[in-house]
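Beneath this line is the structure, given in structure tokens, with notes to follow.
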Amino acid sequence: MEIRAGDMVMLVGPSGCGKTTTLKMINRLIEPTSGRILLGGSDITAVDADKLRRGIGYVIQAGGLFPHMSVAANIAVVPTMLGWDKDRTARRVDELLDLVSLDPERYRDRYPKELSGGQQQRVGVARALAADPPVLLMDEPFGAVDPITRERLQDELLALHADLGKTIVFVTHDFNEAIKLGDRIAVFAEGGHLVQYDAPERILADPANDFVRQFVGSDAGLKQLGLARVGAVEALPVITGTAAESPAELLERTVAAGADAAVVVDGDGRPLAWFPVAELEQLDSLPDRRTPGLPVVGPEDSLADALDAILVSAPGIALATGAGGRFEGMIDAPMLLQAVRLRQAEGSPETGGGSLRERGRPAGSTEAGRS
Ligand SMILES: Nc1ncnc2c1ncn2[C@@H]1O[C@H](COP(=O)(O)OP(=O)(O)OP(=O)(O)O)[C@@H](O)[C@H]1O
Ligand SMILES: [Mg+2]
């Protein structure tokens, strides 16, 4: 199994299949009985174990904080080992507490037993990030936090990953989390058997066997809609007008273009309303405010969000916007279908494979420096 430098790889599989063991072998808390583990090209058993671990942040399953040490002292473990001065360490501790949404004033001097399970997990994440290690091992780091906080932590981690280009090995039991975060997903079966190691869209579109299919769940198709962003779909152009003109003028241009509907935009090009030709004929003036419930989607919204907007909108379309909320065009359900099909085709091994994420990866971190 090869993990590319800068990738976030998700390990999933049934309880007891060896996910935690795999992480512990990477930082030598457990020595492999056979086989080799290379990091940046050199065998990890050839490196001093302490030195190795200083370059690897480890979020232990179920927190694993030192109970007799304060939150701040827990986070400062590695910086202290590295001999950072007090000020620098204290600044870093507060910065990290902010990052994981724990108020530093309130939490830095508490002890782990004075925190909830989810708060302890977040301190564990902060501790692993403290010395900015190039490699992160995360063992179910968000398992005990509520869905809303989890989503925020996932978004933070994605942003952090895109910014810093760390190599992350992440264990989860939540397949949706694996799809959302992973450049690749490794599916393990009992006995540490690696069943499939692939980009999320490949695992969804082409599971290796029934075991993987079962793991993915019955809604693999819908999950694929959650992977692609609206910005990657080319929206259909629509005739637009503004409140400055009369409905008759807009109607004339719409009919002349052979279109059956038009969109009213504001001075900055943001969508305000959508009218079929028949409705334009009835209007006295064009609106200068947005119609409540207008089905607008932004470039970062997923195709699942777009489908949702299409399903609840009366005309069965969504209005796609780009930078600054400017109207780009309309999207309908068949266009979503086509976008998913296209992704499936692009993701197939014959055409190169790999991850199709639009998500930014730092320049030069894709192929350079494989580990
Ligand atoms: N110290 C140990 N000595 C002997 N066997 C162990 C030890 N630790 C774990 N095991 C066994 O090794 C196997 C893999 O355990 P591991 O903790 O890696 O599973 P896991 O995939 O992380 O499971 P979970 O999803 O429940 O965390 C299990 O069968 C477990 O019982
Ligand atoms: Mg485990």
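Every number for a ligand or one of its atoms is a count from 1 in the order of the listing. Note: hydrogens, waters and symmetry copies are ignored here, and every other heavy atom, side chains too, is used.
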Practice problem: Return yes when at least one protein heavy atom is under 4.0 Å from atom 10 (N) of ligand 1, and no when none is. | Solution: no
Exercise. Decide whether Ser70 and Asp109 meet the rule of one side-chain donor and one side-chain acceptor closer than 3.5 Å.
Key: no
Quiz prompt | Metal site angle (apex the Mg ion (ligand 2)), OG1 from Thr20 and OE1 from Gln61, 10 degrees | solution = 90°
Quiz item: Is atom 6 (C) of ligand 1 close to the protein, meaning a heavy atom under 4.0 Å from it?
Solution: no
Exercise. Report yes or no: do Arg229 and Ser302 form a side-chain donor-acceptor pair below 3.5 Å?
Key: no
Practice problem: Might you check, step by step, whether the distance between atom 29 (O) of ligand 1 and some protein heavy atom is under 4.0 Å? | Solution: yes
Quiz item: Quick one: which ligand 1 atoms are inside 4.0 Å of a heavy atom on Thr20?
Solution: 17 (O), 18 (O), 20 (P), 22 (O), 27 (O)
Quiz item: Between CD1 of Ile56 and NZ of Lys51, what distance do you get to the nearest 0.5 Å?
Solution: 12.0 Å
Quiz item: Taking atom types as modelled, is there a side-chain donor on Thr45 or Asp43 under 3.5 Å from an acceptor on the other?
Solution: yes
Practice problem: With sequence neighbours excluded, tell me which residues meet side-chain hydrogen bond (donor to acceptor under 3.5 Å, both in side chains) with Arg127. | Solution: Asn74
Quiz item: What atoms of ligand 1 come within less than 4.0 Å of a heavy atom belonging to Thr21?
Solution: 14 (C), 15 (O), 16 (P), 18 (O)
Self-check item: Gln154-Glu177 side chain donor-acceptor pair, cut-off 3.5 Å
Solution: yes
Exercise. Would you confirm whether any non-hydrogen atom of the protein falls under 4.0 Å from atom 1 (N) of ligand 1?
Key: no
Quiz item: Is there at least one pair of N or O atoms, one from Gly13 and one from ligand 1, spaced under 3.5 Å apart?
Solution: no
Quiz item: Of the protein's non-hydrogen atoms, which lies at the shortest distance from atom 24 (P) of ligand 1, and what is that distance?
Solution: Ser15 OG, 3.6 Å
Quiz item: For His173, is the nearest heavy atom under 4.0 Å from an atom of ligand 1?
Solution: yes
Practice problem: List in chain and number order the residues that pass salt bridge (Lys or Arg N to Asp or Glu O under 4.0 Å) with Asp301, two or more places apart in sequence or in another chain; answer none if no residue qualifies. | Solution: none
Quiz item: Out of curiosity, does Leu96 fall in the hydrophobic cluster containing Leu136 (side-chain heavy atoms, cut-off under 4.5 Å, transitive links)?
Solution: yes
Self-check item: Identity and distance of the protein heavy atom lying nearest atom 14 (C) of ligand 1
Solution: Gly16 O, 3.3 Å
Exercise. Could you tell me whether Phe142 and Phe170 have their ring centroids closer than 6.0 angstrom?
Key: yes
Quiz item: For atom 27 (O) of ligand 1, what's the nearest protein heavy atom and its distance?
Solution: Gln61 NE2, 3.0 Å
Quiz item: Counting only non-hydrogen atoms of the protein, does one fall under 4.0 Å from atom 18 (O) of ligand 1?
Solution: yes
